[in-house]
Amino acid sequence: MSVPTHRAASQQRALTRPAAEPLGRRDRLLISLDRVDRRRFWLFVVIGVIVVVSARSVTQSRAVVAGLGPRRSVAIATRDLVPGRTIGPDDVRWEQWPVAIATHFPTVDALTEAVVRAPVSTGAPITSEQIFGSNDPFTADERAVTVPVPLAPPPLDTGDIVEIIGLRPGPSVGDRQLIDTQALGRGRVVAVGDSGITLAVDVDRAVAIVETAAVGSIELVVTPFGS
């Protein structure tokens, strides 16, 4: 049995979706603004999360630093410092380091008018082993020489007076190598390091001590009561 033609046409119109009316300029503008506002909202959310995380990181870092205990001033070289230079106020800047790691560094007073003993690079901390303290100034007739630490060095401290003995290879007698021993005068201990001992010596003895240290060895004898 066939359905009447007018009834089929009516059902087809009911199932057909009406065509959307084109949006006006005002409607399109409102939709665009709504999208922009949503993007801006999520952007603010992301920025807020970053700020919170950063604040927590800063707080945790400060807590770690505070947990290291009290701090003290450490001198940082503002330029390359070469041996023999007298350190001035423009040569250093001061930073606060935890006392737990700021060991073997000179104080402000000890660094005043101190003389550089070992090279210091820009940005590096200045250690006590790299300077001659102002408490032990050199005279016009003195020079600083550094000799290797002897195999069995005597107990030494800054200010000790020592006799300097040079040992050079001497002539050979058969299979035996003789040693030429030479007294090189006295010196004053300026600094004691792990690999070398720095002495203040008379200017006319400095060259002989350096030459002997290069070809032989140097032994130090502590004089009684610094006499």
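Between atom CG of residue Asp160 and atom CG of residue Leu220 there is a gap of 10.5 Å, rounded to the nearest 0.5 Å. Once rounded to the nearest 0.5 Å, the distance linking CZ of Arg143 with CG of Asp204 reads 10.0 Å. Asp194 CG to Ile197 CD1: the interatomic distance, rounded to the nearest 0.5 Å, is 11.0 Å.
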Verdict with supporting geometry, Ile165 and Leu167, side-chain contact (heavy atoms from CB on, under 4.5 Å): CA-CA 7 Å; Ile165 308 298; Leu167 304 177; 4.3 Å; yes
Check the pair Ile164 / Ile218 against side-chain contact (heavy atoms from CB on, under 4.5 Å), numbers first and verdict last. CA-CA 7 Å; Ile164 306 170; Ile218 297 290; 3.8 Å; yes
side-chain contact (heavy atoms from CB on, under 4.5 Å) between Ile131 and Val115, intermediate numbers included: CA-CA 5 Å; Ile131 63 169; Val115 178; over 6 Å; no
Thr122 vs Asp80, test: side-chain hydrogen bond (donor to acceptor under 3.5 Å, both in side chains). Steps then yes/no. CA-CA 5 Å; Thr122 303; Asp80 290 342; 2.8 Å; yes
Please determine whether side-chain contact (heavy atoms from CB on, under 4.5 Å) holds for the pair Val92 and Ile76, giving the CA-CA distance in whole Å, both sets of side-chain angles, and the decisive distance to 0.1 Å. CA-CA 5 Å; Val92 299; Ile76 308 298; over 6 Å; no
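Looking only at side-chain heavy atoms (C-beta outward), Arg186 and Leu199 stay at 4.5 Å or farther from each other.
Donor-acceptor pairing under 3.5 Å is lacking for the side chains of Glu95 and Ser73.
Nearest heavy-atom pair, Val145 versus Ala206, reported as atom, atom and distance to 0.1 Å: CG1-CB, 4.0 Å. Considering all non-hydrogen atoms of both residues, Glu219 and Pro150 come closest at OE1-CB, 3.6 Å. For the residue pair Val222 and Pro155, the shortest heavy atom distance occurs at CG2-O, 4.2 Å. Nearest heavy atoms, Ala124 versus Val120: O-CG1, 4.1 Å. Here the closest heavy-atom approach between residue Pro106 and residue Leu111 is recorded as CG-CD1, 3.9 Å.
With respect to Arg79 and Asp91, a salt bridge is recorded, a charged nitrogen being found less than 4.0 Å from a carboxylate O.
The backbone N or O of Val189 sits nowhere less than 3.5 Å from a side-chain atom of Thr198 that would complete a donor-acceptor pair. Put simply, the side chain of Gln130 gets close to the backbone of Thr127: a donor and an acceptor are under 3.5 Å apart. For the pair Arg168 (side chain) and Ala213 (backbone), a donor-acceptor distance under 3.5 Å is absent.
Shown are Thr212, Leu184, Ile209, Val201; of these, the side chain to side chain contact (heavy atoms under 4.5 Å, CB included) with Val147 is made only by Ile209.
Leu156 and Val221 fall into different hydrophobic clusters, where Ile, Leu, Val, Met, Phe, Trp and Tyr are joined by side-chain heavy atoms under 4.5 Å apart, directly or via other members.
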